[in-house]
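Naming convention: chains lettered A, B, ... in sequence-line order (proteins, then strands); numbering from 1 in each chain. Treat the numbers as computed from the prediction; the structure is a model and nothing was measured.
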Protein chains: 2
Amino acid sequence: MTRQASSAEKSGDTLKDRTLERLQKLILTGDLEPGAKLLETQVATQLDVSRATLREAMVQLSEIGLLAYIPFRGTFLRTLDPVDLDEIYSFRTGLEKMAFQFCWDKRDLISLADLQMRNNRLCDCISDNDPYGAIMAEMHLHSWCYELSGHTLLLQSWGRLKPNLQFYFAMHQKAHGRGGPLRESHDQYLQLAQGNSLDAMLNHLEDHMRQGLENTMRFLKERNVSQNA
Amino acid sequence: MTRQASSAEKSGDTLKDRTLERLQKLILTGDLEPGAKLLETQVATQLDVSRATLREAMVQLSEIGLLAYIPFRGTFLRTLDPVDLDEIYSFRTGLEKMAFQFCWDKRDLISLADLQMRNNRLCDCISDNDPYGAIMAEMHLHSWCYELSGHTLLLQSWGRLKPNLQFYFAMHQKAHGRGGPLRESHDQYLQLAQGNSLDAMLNHLEDHMRQGLENTMRFLKERNVSQNA
DNA sequence: ATTTATATTATTGTCGACAATCTTAAAATT
DNA sequence: AATTTTAAGATTGTCGACAATAATATAAAT
């Protein structure tokens, strides 16, 4: 009966999957320093799993990009320099434009109501002054187009990019005190997503993302989140 | 000193990385049946590594999509139904369009000569009646824009998609006898990539990819590569 | 004969131990 | 004192063994 007493969390059936999720949550909490080394023995002990199990989870997180693996030297929490942020935002822009192209003709009353609901949840989190919840809610809002697209590869790609975004937001939040999304930041996004001009939506995405990047860069100039050694 | 920075991606320093590469090559050879179960003990013995090492490599290949992992049931070689092919091609189109947008202003004499060389290599393989080499050469040709873009995320994404394409081509080749790329298939691609109209290039990409998909679908109707259980 | 139940086998999941490598500290040399 | 060498310790890489689960074969029941 070596079974983990881990309160039967919602996630995967196997210990490796639960470990992956727990480690990811640990990272996205923002308690760890970017670039910090993750000692296998230490983390494994902390999560109460064997190193082999932990390592399989780490391989996956390295593939996502949250961790950086260097052979024989260790696995490190990712860093975020301006170039990284620029790449994340530009890639995200292209990805989300693709998603909207694929989901555009699949929109219906139900899915649009779903979108509205996701935005409401985001607004609630902002009202409740819950920055962490707001981050998650915003991610969930943006997940809408990927899910609706029904495009597996697109959804997977977003699934890998998303944690990196969440990580940045967590860092931002941690360092800046507060800095979640504004209440009205997605008004136009919602409106255009419900409209009938795909081009207008795509153009707005560029603007929306660019604005996010500019906010980010402005923040970076004030206080460095981290820099590579 | 440490040679960790940007070490050539040939064969990793660690056994896990070499195993990953060997297993991938084994898969891309096309000797395995799509959907076939990979018995850990058997493969580990065949590659002369421990199961733990093999499993780490398998996790990575599952993340790429070449393998499909089902908890407690095993890891299976991916399958390719028409929906998969459609997704691969459409995603590839979006990705490569992004790549050309990012690399467009970075083109110069040297990089364009490089592109020309990659195409020459492809033509050589076709002339030499070397289908496997032609597949690799075509992949290498298309990698050009990703590499030139300097966009890490984009390059990574292509790096994950590429093996799936190679896998399909290997299946195609295996089943169809011959079916590599045609000699002149990239003439316009090359010409436009050297030109000064990004829009024309992007439009051609849509056509180029659509044509590839159509060829693929035509082939699928003749003979099923595989179907899900 | 078909179906259900049970036992057996095979395979995956997880672990702890040892080997290879890196890091750090101390010693030796200049 | 600074640099190089060497030794000690810490950390990662790899392995084989055992546990948990699934797949298969056998027996029992209808």
J.: For Tyr146(A), give me all partners under ring-ring contact (aromatic ring centres under 6.0 Å, His included), at least two apart in sequence or on another chain.
T.: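 Once residues adjacent in sequence are excluded, the partners of Tyr146(A) under the ring-ring contact (aromatic ring centres under 6.0 Å, His included) criterion are Trp158(A).
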J.: Just how far, in rounded Å, is P of dC15(C) from CG of Leu47(A)?
T.: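 Checked: the CG to P distance equals 11 Å.
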J.: Once salt bridge (charged side-chain N to carboxylate O under 4.0 Å, His left out) is applied, do any residues pair with Lys174(B), and if so which ones, sequence neighbours excluded?
T.: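 Applying salt bridge (charged side-chain N to carboxylate O under 4.0 Å, His left out) to Lys174(B) gives Asp31(B).
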J.: Under the salt bridge (charged side-chain N to carboxylate O under 4.0 Å, His left out) test, which residues partner Asp114(B), sequence neighbours left out?
T.: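 Arg118(B).
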J.: For Glu56(A) and dC15(C), what is the distance between atoms CD and P respectively, to the nearest whole Å?
T.: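 The answer, rounded to whole Å, is 11 Å.
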J.: Output a table of donor-acceptor pairs, distance under 3.5 Å, between side-chain atoms of residues 96-106 of chain A and any protein atom two or more places apart or on a different chain; print 'none' if there are none.
T.:
unit_1: Glu96(A); atom_1: OE1; unit_2: His142(A); atom_2: ND1; d: 3.4
unit_1: Glu96(A); atom_1: OE2; unit_2: His142(A); atom_2: ND1; d: 2.7
unit_1: Glu96(A); atom_1: OE2; unit_2: Tyr189(A); atom_2: OH; d: 2.5
unit_1: Lys97(A); atom_1: NZ; unit_2: Glu206(A); atom_2: OE2; d: 2.6
unit_1: Lys106(A); atom_1: NZ; unit_2: Ser149(A); atom_2: O; d: 2.9

J.: With 3.5 Å as the limit, what N/O pairs link the protein to nucleotides 9-13 of chain D?
T.:
unit_1: dT12(D); atom_1: OP2; unit_2: Glu40(A); atom_2: N; d: 3.2
unit_1: dG13(D); atom_1: OP1; unit_2: Tyr69(A); atom_2: OH; d: 2.6
unit_1: dG13(D); atom_1: OP1; unit_2: Phe72(A); atom_2: N; d: 3.0
unit_1: dG13(D); atom_1: OP2; unit_2: Arg55(A); atom_2: NH1; d: 2.3
unit_1: dG13(D); atom_1: OP2; unit_2: Arg55(A); atom_2: NH2; d: 3.2
unit_1: dG13(D); atom_1: N7; unit_2: Arg51(A); atom_2: NH2; d: 2.9
unit_1: dG13(D); atom_1: O6; unit_2: Arg51(A); atom_2: NH1; d: 2.9

J.: According to a strict under-4.0 Å criterion, is Ser50(A) in side-chain N/O contact with OP1 or OP2 of dT14(C)?
T.: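 No, outside the criterion.
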J.: Run the side chain to side chain donor-acceptor pair (under 3.5 Å) test against Tyr89(B) and tell me which residues pass, sequence neighbours left out.
T.: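 Thr216(B).
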